[in-house]
Amino acid sequence: MSKTYARIIGTGSYLPEKVMTNHELEQIVDTTDAWIQERTGIRERRIAAEGQTTADLAEQAARIALKEAGVAPEEVDLLILGTTTPDIVFPSTACLLQHRLGCGDCAAFDVNAACSGFIYGLSIANQYIQAGTAKTVLVIGAETLSRMLDWNDRSTCVLFGDGAGAVVLRADQTPGILSTHIHANGAYADLLGADVGVSRGFKENEKNAGLRVHMRGNEVFKVAVRTLGRIVDETLKANDMTQSQIDWLIPHQANLRIIQATAKKLSMPMERVIVTVDKHGNTSAASVPLALDEAVRGGSVKPGEHLLLEAFGGGFTWGSALVRY
Ligand code: ACO
């Protein structure tokens, strides 16, 4: 029997209307456009409007991806949403979205793997399709991280933005996703997180700092560069491929310098790397599908090309997917 692959048959993305530039941030915290651009590559990011939630962003991206794929919502038999910023504690944002889209009674769940949430979702979807358990899967990454930023903390608030990206996957005899690789190491939890929640309580006390992202950026940076280098090796080895066979690197958009380091590891010129961090900032789980959709829509990525998707985030979590588009 021939192997079944998960093929990307549609992509979509959505960004909130409000653009926040570095110059606007100069009015809020002690920072400069020059510092932000030099250290991160970010020029501007989008911020969700008041009342606009993660599900709202996810819905727009998902509708576009379904339309591009020519797939009706009822055909979706699994919906996975990567997010760290769910609308409410429960039901999951995936369930809220499933109902809005009219996906029938397909399984729907959120994946919280911080910035790696979309890659984790893609990996799960790939396993379901390869096992023959699902045929048509909607995978989304959507975030409203602006809601849990400390707008007095210049070391974090300048980095993040809001947005959503989605893909529709379908079972096919031609590849498809060639492999996915996901990992985590909870030993690094103190370096990056938001330390409040249901069980610990949402109130600020001496043990937590309220609902806001904290990060020891410099240390995260070093682990991210090392770890992403390793996952690139792991992915190529698993597919018996060499660096030169990768057509496009579609990385998590946290910091231009981290992206450049991974491109260097692949000996890849920056012209073959999809970069959106300048316009989007770090949109966490939304960043990879947003970049993928931009690349598809802009005509960069062509059918048959090999794409290496990778992400790194809080947890730490990290992962990759090698895709023949
Ligand atoms: N404007 C001006 N100065 C600033 C700002 C700012 N916005 N933020 C920090 N600084 C200052 C610091 O206070 C420090 O000053 P000091 O030297 O007087 O102490 C100086 O700039 C250097 O700070 P560093 O933290 O060493 O700067 P670095 O070059 O490491 O850049 C950054 C910081 C951009 C955060 C970088 O470390 C980074 O990108 N880290 C990784 C982020 C990441 O990948 N996160 C993972 C995904 S996120 C997720 O999972 C939700």
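Taking Phe221 as the reference, nothing meets the ring-ring contact (aromatic ring centres under 6.0 Å, His included) condition, with sequence neighbours excluded. With sequence neighbours left out, Ser244 forms a side chain to side chain contact (heavy atoms under 4.5 Å, CB included) with Thr242. Shown here are the salt bridge (Lys or Arg N to Asp or Glu O under 4.0 Å) partners of Asp278, two or more places apart in sequence or in another chain: Arg43.
The shortest distance between side-chain heavy atoms of Arg170 and Val71 falls below 4.5 Å. Val220 has its side chain within reach of Phe316: a pair of non-hydrogen atoms, C-beta onward, lies under 4.5 Å apart. The side-chain heavy atoms of Glu234 and Ile231, taken from C-beta on, include a pair separated by under 4.5 Å.
For the pair Pro251 and Ile259, the tightest heavy-atom approach, listed with the atom from each and the gap, is CG-CG2, 3.7 Å.
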From CA spacing to verdict: side-chain contact (heavy atoms from CB on, under 4.5 Å), Val223, Tyr188: CA-CA 10 Å; Val223 186; Tyr188 292 101; 4.1 Å; yes
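Counted within 6.0 Å of CD on Glu17, heavy atoms from surrounding residues, nucleotides or ligands total 12 or fewer; the atom is thus considered open. Heavy-atom neighbours of Lys67 NZ from other residues, nucleotides or ligands within 6.0 Å: at or below the threshold of 12.
In this structure, Trp35 is a member of the same hydrophobic cluster as Met20, with clusters built from ILVMFWY side-chain heavy atoms closer than 4.5 Å.
For the side-chain contact (heavy atoms from CB on, under 4.5 Å) criterion with His280, the lone passing option out of Val275, Asp162, Leu15 is Leu15.
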